[in-house]
Amino acid sequence: MEGIGADSASAVAPLAKWRNDFSRTFQYYLDRSTPHPVQRWLGTGVAAAIYVLRVYYVHGFYVVSYGLGIYILNLLIGFLSPKVDPELENSDGATLPTRGSDEFKPFVRRLPEFKFWYSITKAFCVAFVMTFFSLFDVPVFWPILLCYWMVMVLFFLTMKRQIMHMIKYRYIPFDFGKQKYTGKKSAGGSRGGLMRD
């Protein structure tokens with residue numbers, strides 16, 4: 001009896017070690033990619049192009065593509081939304097300024113850029129793998145397309161509401177064009193302060 005248990009434990013140990021090593025290596029490279037957003041997004045663009053080419057040449061998997069599109073739109077809404085909505089929650093923490101005299105508080109997204117990128121990249125990879133299984137190639141007929149069209153209309157209405165919210169509370173969910181504090185410069189004798197990109 002002990003021999004059977006020892007054999008299964010010895011067979012599982014290398015598999016668990018390989019899984020642990022792979023997980024650590026993957027996390028290492030994921031952490032190294034964090035300060036390189038342009039390269040990360042270029043890689044995601046390449047993955048998206050490969051997926052689009054695959055769907056184009058196979059002439060199928062449109063339902064997978066629709067699902068992928070809806071998922072990406074849902075992520076986009078989370079990316080453009082503030083973490084704390086001033087209409088719903090009146091907190092003492094970081095809130096968006098509503099008047100010019102209010103103290104500046106940085107925009108904190110509900111879905112950070114890195115998680116947004118990682119989720120989109122995973123979604124394209126999963127959708128690409130799904131194109132190799134005929135189970136997911138569901139024939140599309142007009143009622144399904146009508147349902148997806150209604151989802152797109154709901155997305156545009158939600159985005160309109162989100163843009164109106166951004167105008168009302170005067171925030172921009174992007175970093176370009178914003179002032180950044182550069183700190184004190186040690187060389188050159190210039191003073192640190194706010195500097196435009």
Side-chain angles (χ1 to χ4, degrees), residues 34 37-91 93-100 102 104-131 133 135-179 197:
T34 302
V38 173
Q39 291 86 351
R40 285 188 281 121
W41 282 105
L42 286 175
T44 300
V46 169
I50 290 170
Y51 172 75
V52 168
L53 287 173
R54 169 80 178 149
V55 169
Y56 177 75
Y57 285 121
V58 173
H59 296 291
F61 300 98
Y62 300 118
V63 172
V64 173
S65 298
Y66 286 131
L68 175 66
I70 290 170
Y71 179 70
I72 289 173
L73 293 176
N74 186 26
L75 290 174
L76 182 65
I77 290 173
F79 179 70
L80 295 176
S81 300
K83 187 172 186 178
V84 177
D85 191 352
E87 289 181 347
L88 300 177
E89 193 171 312
N90 191 7
S91 66
T95 59
L96 296 171
T98 55
R99 292 178 294 279
D102 285 352
F104 170 75
K105 297 192 172 93
F107 177 77
V108 179
R109 291 182 171 89
R110 186 180 336 153
L111 182 64
E113 183 270 336
F114 185 80
K115 289 184 180 180
F116 178 60
W117 164 80
Y118 186 62
S119 298
I120 286 178
T121 306
K122 274 196 318 188
F124 273 114
C125 292
V126 168
F128 181 74
V129 169
M130 289 172 76
T131 62
F133 299 100
L135 169 73
F136 299 111
D137 192 11
V138 178
V140 180
F141 54 101
W142 72 268
I144 291 178
L145 290 175
L146 180 65
C147 291
Y148 285 123
W149 181 80
M150 286 190 282
V151 168
M152 292 302 291
V153 169
L154 288 175
F155 169 75
F156 285 114
L157 291 174
T158 303
M159 283 308 295
K160 179 183 173 190
R161 193 188 102 242
Q162 185 66 35
I163 290 170
M164 297 304 292
H165 190 271
M166 290 163 58
I167 292 170
K168 180 179 178 182
Y169 289 100
R170 289 189 245 151
Y171 66 89
I172 300 172
F174 304 107
D175 291 340
F176 54 84
K178 290 186 178 180
Q179 295 180 349
D197 279 345

Applied to residues 120-131, the side chain to side chain donor-acceptor pair (under 3.5 Å) test, sequence neighbours excluded, yields T44-T121, R54-T131, W117-T121

Can you list everything that forms a ring-ring contact (aromatic ring centres under 6.0 Å, His included) with Y62? Sequence neighbours excluded, please. none

Test of understanding: with ring-ring contact (aromatic ring centres under 6.0 Å, His included), list the residues that count as partners of Y56, not counting sequence neighbours. H59

Holding to side chain to side chain contact (heavy atoms under 4.5 Å, CB included), I want the full list of residues that pass it with I77, two or more places apart in sequence or in another chain. S81, F155, T158, M159

Restricting to ring-ring contact (aromatic ring centres under 6.0 Å, His included), what partner residues turn up for F116, sequence neighbours left out? W41, F79

Who passes side chain to side chain contact (heavy atoms under 4.5 Å, CB included) against Y71, sequence neighbours left out? L75, S119, A123

Report the residues that fulfil side chain to side chain contact (heavy atoms under 4.5 Å, CB included) with I72, sequence neighbours left out, ordered by chain and then residue number. L68, I120, F124

Considering all heavy atoms, the nearest A127-V64 contact: CB-CG1, 3.9 Å

Where at least one partner belongs to residues 37-53, residue pairs that pass salt bridge (Lys or Arg N to Asp or Glu O under 4.0 Å), sequence neighbours excluded: R40-E113

N/O donor-acceptor pairs under 3.5 Å from side chains in residues 46-53, not counting sequence neighbours:
| from | atom 1 | to | atom 2 | distance (Å) |
| --- | --- | --- | --- | --- |
| Y51 | OH | S65 | N | 3.4 |
| Y51 | OH | S65 | OG | 2.7 |

